[in-house]
Amino acid sequence: MDHMQQERMDKIGIALSLSCCVHCLATPFILMAAPAIGEYFQSVLIHVLLFIFVAPIALISFLKTYRHTHKKRPLILGLIGLTELFSSMLLHMYVEQRASLGHIHEIEIILNIISGLILVTGHFFNFKDSLCKHC
């Protein structure tokens, strides 16, 4: 993967991670405005699809830069963000099956936002490190 591909991967990773944050921030408002649309955004399928797009791009991007620069910060942030995002997705699946656990939904939203921001931060540092000429 050349530098331009690496740069594109990080930009796509940042955009996808931000989409997770936007999704989590927008869902409560969408739920209040239009219940039918809100249910769509809360579906397990949306969470799984976002994760399927986010995880491979993040892993490829972080591992590529790590092999080149041996800087651990982006890789560690990426792994923490992906682990947290995956945990949140599992929590969403668990809560969706149990209507009595609706209060945990707020924790899931917070976890998604935090994991998205951690991924954005990891991609930012990854992008910055991939530009390093003396590494």
* Sub-3.5 Å donor-acceptor pair from the side chain of Ser61 to the main-chain atoms of Ala58, do we have one? -> no
* Would you say Phe51 has more than 12 foreign heavy atoms packed within less than 6.0 Å of its CZ? -> yes
* Asked: Say you draw a straight line from CG of Leu111 to CZ of Phe86; how long is it, rounded to the nearest 0.5 Å?
  -> 13.5 Å
* Asked: Do Leu90 and Ile52 share a hydrophobic cluster (ILVMFWY, side-chain heavy atoms under 4.5 Å, transitive)?
  -> yes
* Structure fact -> For Met9 and His123 the tightest heavy-atom approach is O-CE1, 4.3 Å
* **Hydrophobic cluster membership, Met89 vs Leu16, 4.5 Å side-chain cutoff** => yes
* Asked: CD1/Ile12 to CD1/Ile60 distance, rounded to the nearest 0.5 angstrom?
  -> 10.5 Å
* To do: Examine Leu63 and Val120 and state if one hydrophobic cluster contains both, with Ile, Leu, Val, Met, Phe, Trp and Tyr joined whenever side-chain heavy atoms are less than 4.5 Å apart.
  => no
* Structure fact -> Here the gap from Lys64 atom NZ to Thr69 atom OG1, rounded to the nearest 0.5 Å, amounts to 10.5 Å
* Asked: Applying the 4.5 Å side-chain criterion to the ILVMFWY set and letting contacts propagate, would Leu18 and Leu85 be lumped into a single cluster?
  -> no
* Asked: How does the hydrophobic cluster around Ile76 look, that is, which other residues are in it when side-chain heavy atoms under 4.5 Å mark a link?
  -> Leu77, Ile80, Ile110, Ile114, Ile118, Phe124, Phe125
* What's the spacing between Asn112 CG and Ser87 OG if we round to 0.5 Å? -> 10.5 Å
* Structure fact -> Nearest heavy-atom approach of Asp129 to Pro74 is OD2-CG, 3.3 Å
* Structure fact -> Shortest non-hydrogen pair, Ser17 vs Gly116, comes out as CB-O, 3.6 Å
* Structure fact -> What one should report as the nearest heavy-atom pair of Leu50 and Ser19 is CD2-OG, 3.7 Å
* For residues 4-25, which residue pairs qualify under salt bridge (Lys or Arg N to Asp or Glu O under 4.0 Å), counting only residues two or more places apart or in two chains? -> Glu7-Lys11
* Structure fact -> Output for pair (Asn126 CG, Lys71 NZ), nearest 0.5 Å, gives 11.0 Å
* Examine distances only and state if a side-chain atom of Ser88 and a backbone atom of Glu84 form a donor-acceptor pair shorter than 3.5 Å. => no
* Asked: Do Ile57 and Leu119 belong to the same hydrophobic cluster, where Ile, Leu, Val, Met, Phe, Trp and Tyr are linked whenever their side-chain heavy atoms lie under 4.5 Å apart, directly or via other members?
  -> yes
* Measure the CG-CG distance between Leu79 and Leu59 for me, rounded to the nearest 0.5 Å. => 6.5 Å
